[in-house]
Amino acid sequence: MSAPLLLTGANGRTGRAILKALVFAKIPVRVFIRDEAQAQDLLEIGASEFALGNLEDVDSIFEATEGASKVLHVGPPMYAGEEGASAVLIEASLAAQVEHFIYYSVMHPLSRAIRHHRLKLEVEERLINSGLTHTILQPSRYMQHLESIWPRVTSEGVHAMPFDIDRKFNVVDLLDLADACAVVASDDLYHFGTYELAGPEALSQREMATIISDVIGKPVEASAVPIEEMKVKARAAGASDDRIEQMEIMNRHYDAHGFRSNAVVLECILGRPANSYRSYVKRVLQEKGLG
């Protein structure tokens with residue numbers, strides 16, 4: 001078997017989607033996980049091996065990287081340690097003579113007021129100047145944010161997010177992003193590129209609600225959740241003060257600016273049209289039903 005690709009963040013929502021796409025592309029994957037109890041499930045998905053550790057344990061990062069041919073780095077959401085941990089992973093990749101380092105960043109990292117955007121921009125600069133053969137992927141907001149509110153959408157007919165219902169977002173299907181990762185990991189064509197990956201439609205929350213209503217056959221209205229209400233709910237769900245602060249900053253930015261781009265680059269990488277929001281909602285309905 002050829003040397004594996006090391007996948008960080010493998011047990012998260014994004015990591016699992018990427019793992020499935022890599023396995024489908026027949027790329028051997030070493031998953032980097034915090035807890036050995038996570039290993040069996042990921043091996044059943046198709047990971048070829050696992051490495052134990054975490055992004056705050058320098059030795060474990062170097063051990064996990066040893067013998068890997070490629071690295072695909074997916075940091076934890078809104079991770080305050082993103083810059084430091086990524087610097088160690090870059091250093092470890094240089095030491096291990098990794099052939100290709102793929103960084104899963106964020107769309108519009110130049111929006112420095114949002115901390116995780118600013119930190120990812122710093123990592124991008126470090127990676128570009130590292131001497132590693134690299135690719136930077138900049139994904140937009142996921143369509144999958146619908147799934148956490150799906151029960152309320154279908155039972156109460158309310159699509160509620162903490163920003164202006166008329167701001168536009170080029171939301172993107174995580175499955176398209178995962179497929180793009182597999183393509184980039186499989187082809188030298190994408191070396192040294194930075195690619196903005198967004199969905200094909202600029203949709204407001206109001207327009208998303210209209211599409212959902214049409215698909216499920218029930219009225220759905222868009223609603224802007226007040227930021228203070230969002231903070232109360234996040235605190236009740238166990239979010240840290242730091243996470244709540246960063247959520248507030250991000251959502252106030254969305255409320256003012258939306259999150260716009262286009263699907264040109266994503267569709268070039270995929271070699272097909274990107275999934276529409278309507279097709280995604282139909283898939284959710286099939287998987288979750290109206291209950």
Side-chain angles (χ1 to χ4, degrees), residues 2-10 12 14-15 18-19 21-22 25 27-34 49-112 114-140 177-178 180-197 265-266 268-269:
S2 59
L5 175 151
L6 176 67
L7 176 63
T8 67
T14 299
I18 292 173
L19 173 60
L22 293 171
I27 298 172
V29 182
R30 175 190 297 164
V31 291
F32 187 50
I33 53 176
R34 181 181 293 269
E49 56 188 273
F50 67 92
L52 288 176
N54 65 76
L55 292 174
E56 296 175 358
D57 181 341
V58 171
D59 289 342
S60 73
I61 293 174
F62 272 81
E63 290 169 6
T65 311
E66 185 64 35
S69 62
K70 303 175 183 181
V71 170
L72 202 167
H73 178 34
V74 181
M78 298 185 183
Y79 179 39
E82 177 94 21
E83 186 178 3
S86 299
V88 173
L89 186 56
I90 289 169
E91 182 182 352
S93 297
L94 285 165
Q97 298 183 313
V98 163
E99 299 168 8
H100 187 196
F101 190 112
I102 303 165
Y103 181 47
Y104 194 86
S105 182
V106 68
M107 194 172 83
H108 300 172
L110 289 169
S111 296
R112 296 178 179 88
I114 308 171
R115 185 182 69 191
H116 66 278
H117 285 235
R118 182 178 72 252
L119 294 178
K120 287 181 183 294
L121 181 63
E122 297 292 340
V123 175
E124 288 188 15
E125 182 178 17
R126 182 182 293 272
L127 179 58
I128 288 168
N129 294 330
S130 69
L132 284 167
T133 298
H134 63 271
T135 306
I136 296 169
L137 303 177
Q138 298 177 330
S140 183
L177 295 173
C181 287
V183 172
V184 167
S186 302
D187 196 331
D188 295 353
L189 176 68
Y190 301 99
H191 286 181
F192 299 103
T194 298
Y195 303 104
E196 192 169 278
L197 306 178
V265 173
L266 176 60
C268 284
I269 293 173

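These values consider heavy atoms only, across backbone and side chains, with no hydrogens, waters or symmetry-generated copies. In this text the structure is predicted, and so the values were computed from the model without any measurement.
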Shortest non-hydrogen contact between T8 and V74, atoms and distance: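 Heavy atoms only, the tightest pair is OG1-N, 2.7 Å.
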For the student: nearest non-hydrogen atoms of C268 and Y190, plus distance: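 C268 and Y190 have their closest heavy atoms at O-OH, 4.3 Å.
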[Y] and [X], any side-chain heavy atoms less than 4.5 Å apart:
X: H134; Y: I102; answer: no
X: L7; Y: H73; answer: no
X: L121; Y: R112; answer: yes
X: V29; Y: V31; answer: yes

Under the 3.5 angstrom rule, does the side chain of [X] hit a backbone N or O of [Y] as a donor-acceptor pair?
X: S69; Y: E99; answer: no
X: S86; Y: E83; answer: no
X: R30; Y: A64; answer: yes
X: D187; Y: V183; answer: no
X: K70; Y: L6; answer: no

Distance in Å, E91 CD paired with F62 CZ, rounded so as to fall on 0.5 Å steps: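 One gets 4.0 Å once the value is rounded to the nearest 0.5 Å.
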Nearest-0.5 Å distance, CD1 of residue I18 to OH of residue Y104: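 Atom-to-atom, I18:CD1 and Y104:OH are 5.0 Å apart.
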Restricting to side chain to side chain contact (heavy atoms under 4.5 Å, CB included), what partner residues turn up for [X], sequence neighbours left out?
X: E63; value: D59
X: K120; value: E82, Y103, S105, V106
X: A87; value: R126

Donor on one side chain, acceptor on other, H191 and T135, under 3.5 Å: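 Looking only at side-chain atoms, T135 and H191 do not form any donor-acceptor pair under 3.5 Å.
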H116 ring center within less than 6.0 Å of Y79 ring center: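 When the ring centroids of Y79 and H116 are compared, they turn out to be at least 6.0 Å apart.
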